Amino acid sequence: MKPILYILIIVIAIIFILPIVYTVSNSFMDARQLETNKIEILPDRFSLNQYFDLAIFKGEYFYYFLNSVKLTTIIILGQILVGVFAAYAFAKMEFPGRDFIFLLYILVIILPFQVTMVPNYIMFDNLQKTFNLKFLDTLKAIIFPGIFTSFGVFLLRQFIRDIPNDIIEASRVDGAGDIRLFFSIILPAIRPAVFTLVILSFIDNWNIIEQAVIFISSQEILPLSVFLETIYYKDFNIFYSAATLYMFPAILIFTKGHKYLNEGLNVGGMK
Amino acid sequence: MEDSLSKMEPEKKKKKLARKKIKKLKGYLFILPSLIGFSIFFIIPFLEGIKYSFYKSGFIKSFVGFSNYKDVLSSGAFRLALKNNLLFMLVGVTLAIAISFLLALVIYEINPPKHIKLAIILPIAIPSAVTSGFFRKLFTSSFSILDSDYAMIAVILIYIWRSVGYNLIIYLAALTSMDKSIIEAAKIDGSNYLQRIRHVIFPLTIPSTVFVFIVSVINSFKVFRDVFILEGGYPNQKIYMLQHYMNNTFRNLSYQRLTAASYMFALAIFAFAGLFFYLDKRYSKGLEK
């Protein structure tokens with residue numbers, strides 16, 4: 001039985017990895033081979049032409065990559081900065097209305113973007129009319145709601161809640177105030193949770209599509225997650241090299257950090 | 001001496017009370033940055049939007065009752081999208097959960113090298129536009145189903161490919177943290193492998209299944225990214241989803257209809273999630289007994 005299962009799992013792994021391998025290997029094919037209708041995995045002739053063309057003639061595409069970097073980095077940093085404090089309060093402090101507010105946070109997590117898109121849009125509109133703050137058609141329209149999505153708070157709260165109260169009490173007895181407690185006990189203890197949040201948030205924001213399509217109309221500020229489609233139609237001959245380069249940071253972060261997901265996704269369980 | 005002691009007592013109490021108050025305020029202080037942003041971008045506009053859903057139009061602010069809601073419900077595009085979404089979720093989510101449970105069992109049994117596991121999980125990290133080249137070729141040139149009546153099969157396959165990883169991580173953790181003595185005991189009692197899965201392993205992983213289910217539903221909304229990248233805003237009718245409907249309503253600038261649609265969407269999801277939690281609680285109570 002075991003050898004059969006072994007073969008089965010290897011076949012499944014190959015199927016799952018195929019779209020990724022295909023993309024990478026196609027980035028080393030020349031234009032002639034790309035045009036065939038069959039799915040070809042191996043390049044007839046190993047060629048770096050796509051990458052040369054991309055670097056020399058289409059250097060401007062690099063800006064879209066930078067848009068993605070900018071957007072993803074700011075959202076992740078913002079989520080952590082804002083999220084850890086709120087998560088700590090939800091997990092370990094008592095104040096009136098705590099559980100109700102936390103329930104609101106949870107409810108918003110499960111809503112798809114299309115439901116929160118209207119509220120977001122209404123608010124952008126209000127902010128522009130009342131305070132002359134321009135959000136629409138800027139990266140801010142993606143970044144601000146991104147920072148304040150409640151998933152990060154939820155994830156971090158689950159971790160902080162699991163820190164034994166004894167440890168917290170002990171450090172209080174030693175005379176630690178909230179701030180010191182926060183930096184010397186809580187932050188070190190939730191490092192795996194922060195890494196989990198970084199990875200999950202990266203995966204989501206590196207692949208941001210709906211927000212960009214709805215809120216951004218100027219092409220030059222689009223993230224590459226959307227603009228890659230334009231490259232597909234305009235410059236198919238270099239598409240796979242651009243796609244491979246765009247996928248590279250995702251694979252790198254994921255292979256380095258996936259072990260945190262094991263722990264991270266599982267405290268997420270409702271307790 | 002005694003005098004000063006008795007004087008201190010009420011003062012101490014006062015201080016303690018004050019400290020309690022400060023402690024309460026501190027809680028708010030910690031959540032404040034998050035709560036302000038969360039309210040500005042989600043809660044306040046969400047409440048304000050309710051108003052829109054009862055207006056005639058953005059310019060004519062007269063109250064029209066539930067007519068926006070009725071319009072949405074009777075619209076052909078909405079009904080088509082709802083039907084497709086339900087079908088997709090019913091088949092897609094069920095398959096994704098079943099496949100990941102079986103995969104987790106197999107991986108748990110044979111404990112293959114970790115690269116194999118990584119290969120199955122990796123797709124969750126790949127941006128939709130990156131693999132659009134492959135999927136377009138697979139589903140239009142090799143098997144031309146994306147423009148046929150069977151387009152939903154392609155969407156479900158892409159969804160499974162992209163979301164099994166999350167489920168697998170959750171199930172594998174549940175299996176490895178399972179108390180092995182229970183399984184051993186079941187073995188000694190003479191149960192076969194299938195019986196053990198059905199009567200021991202599956203019930204023990206029910207809490208994980210609840211979580212897997214929620215994650216799968218959240219991910220099922222995100223399959224829209226792949227469909228949108230592959231087919232744009234107006235795909236083949238068979239895979240026209242609620243998200244398409246809402247995006248297009250937005251582009252047609254009918255916010256009143258859109259808010260009405262989004263409240264119904266939200267309500268349906270909340271009701272569904274509530275029901276699920278209720279069933280889960282009842283089930284776990286039953287287990288305790």
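These numbers come from a predicted model, not from an experiment. Chain identifiers are assigned alphabetically (A, B, ...) following the order of the sequence lines, protein sequences preceding nucleic acid strands; residue numbering begins at 1 within each chain. What you see below is based on every heavy atom in this structure, not just the backbone, and it leaves out hydrogens, waters and symmetry mates.
- No more than 12 heavy atoms of other residues, nucleotides or ligands lie within 6.0 Å of CD in A:Glu94, so this atom counts as exposed by the packing criterion.
- Within the cation-pi definition used here (under 6.0 Å to the ring centroid, within 45° of the axis), B:Arg136 qualifies as a partner of A:Tyr232.
- Counting only N and O atoms by type, the side chains of B:Thr131 and A:Tyr22 include no donor and acceptor under 3.5 Å apart.
- Taken to the nearest 0.5 Å, the CZ atom of A:Phe16 stands 13.0 Å off from the CD1 atom of B:Ile116.
- With a 4.5 Å cut-off on side-chain heavy atoms, B:Trp161 and A:Ile15 do not count as touching.
- The two residues B:Pro45 and A:Ile122 come nearest to each other via the heavy atoms O-CD1, 4.1 Å.
- Proximity to chain B (any heavy atom under 4.5 Å) is shown, for A:Tyr6, by both the backbone and the side chain.
- Here CD1 of B:Ile169 is found 13.0 Å from NZ of A:Lys259. Values are rounded to the nearest 0.5 Å.
- A distance of 7.0 Å separates CD1 of A:Ile109 from CD1 of B:Ile218, quoted to the nearest 0.5 Å.
- With a 4.5 angstrom heavy-atom cutoff, A:Thr244 does not touch chain B via any of its atoms.
- Only the side chain of B:Val164 comes within contact range of chain A, with heavy atoms under 4.5 Å apart.
- Only the side chain of A:Asn126 comes within contact range of chain B, with at least one heavy atom under 4.5 Å from a heavy atom of that chain.
- Using a 4.5 Å cut-off between heavy atoms, B:Leu47 does not touch chain A at all.
- Once rounded to the nearest 0.5 Å, the distance linking CG of A:Asn207 with CG of B:Asp226 reads 7.0 Å.
- For chain B, no part of A:Phe236 is nearby; none of its heavy atoms comes within less than 4.5 Å.
- Contact annotation for A:Leu200: only side-chain heavy atoms (C-beta onward) come within less than 4.5 Å of a heavy atom of chain B.
- A heavy-atom distance below 4.5 Å is found between the side chains of A:Tyr105 and B:Ser34.
- Between A:Ala89 and B:Ile31 the shortest heavy-atom distance is CB-CG2, 3.4 Å.
- Using a 4.5 Å heavy-atom cutoff, the side chains of A:Met93 and B:Lys26 are in contact.
- Ranked by heavy-atom pairs shorter than 4.5 Å toward chain B, the options A:Val118, A:Ile199, A:Ile214, A:Thr255 are led by A:Ile214.
- Heavy-atom distances place the side chain of B:Phe228, and not its backbone, under 4.5 Å from chain A.
- When each of A:Asp204, A:Ile253, A:Ile251 is checked for heavy-atom pairs under 4.5 Å with chain B, A:Asp204 comes out on top.
- Just one residue in the list B:Phe46, B:Phe41, B:Phe250 forms a ring pair (Phe, Tyr, Trp, His ring centres under 6.0 Å) with A:Tyr121, and that residue is B:Phe250.
- Smallest separation of non-hydrogen atoms from A:Pro19 and B:Phe135: CG-CZ, 4.2 Å.
- B:Phe270 places a side-chain heavy atom less than 4.5 Å from the side chain of A:Ile110.
- The shortest heavy-atom contact between A:Phe254 and B:Leu122 is CD2-CD1, 3.4 Å.
- Residue contact with chain B, scored on non-hydrogen atoms closer than 4.5 Å, is absent for A:Leu252.
- Atom CD1 of A:Ile10 and atom NE2 of B:His115 lie 13.5 Å apart (nearest 0.5 Å).
- When heavy atoms are compared at a cutoff of 4.5 Å, A:Phe151 does not approach chain B at all.
- Listed here is the closest heavy atom pair of B:Ile120 and A:Ala13: CG1-CA, 3.9 Å.
- When heavy atoms are compared at a cutoff of 4.5 Å, B:Leu35 approaches chain A by way of both its backbone and its side chain.
- Using a 4.5 Å cut-off between heavy atoms, A:Phe113 does not touch chain B at all.
- With values rounded to the nearest 0.5 angstrom, A:Lys38 atom NZ is found 12.0 Å from B:Ser141 atom OG.
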Apply ring-ring contact (aromatic ring centres under 6.0 Å, His included) to B:Tyr28 and A:Phe95, showing your working.
CA-CA 7 Å; B:Tyr28 286 123; A:Phe95 50 90; 5.0 Å; yes

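- Proximity to chain B is absent for every atom of A:Phe202, based on heavy atoms less than 4.5 angstrom apart.
- What you find for A:Phe148 and B:Phe42 is that their closest heavy atoms are O-CE1, 3.6 Å.
- With a 4.5 angstrom heavy-atom cutoff, A:Val213 touches chain B via backbone and side-chain atoms both.
- Of the atoms belonging to B:Leu242, not a single heavy atom falls under 4.5 Å from chain A.
- A donor atom on one side chain and an acceptor atom on the other are found under 3.5 Å apart for A:Glu229 and B:Ser132.
- Residues A:Phe85 and B:Pro33 are not in side-chain contact: their nearest non-hydrogen atoms beyond the backbone lie 4.5 Å or more apart.
- Here the side chains of A:Leu261 and B:Tyr166 are not in contact, with every heavy-atom distance at 4.5 Å or above.
- Looking at B:Leu29, there are no atoms closer than 4.5 Å to chain A (heavy atoms on both sides), in backbone or side chain.
- The choice from A:Leu8, A:Leu18, A:Thr23, A:Leu111 that makes the most heavy-atom pairs within less than 4.5 Å of chain B is A:Leu111.
- In this structure, no portion of A:Ile14 lies under 4.5 Å from any heavy atom of chain B.
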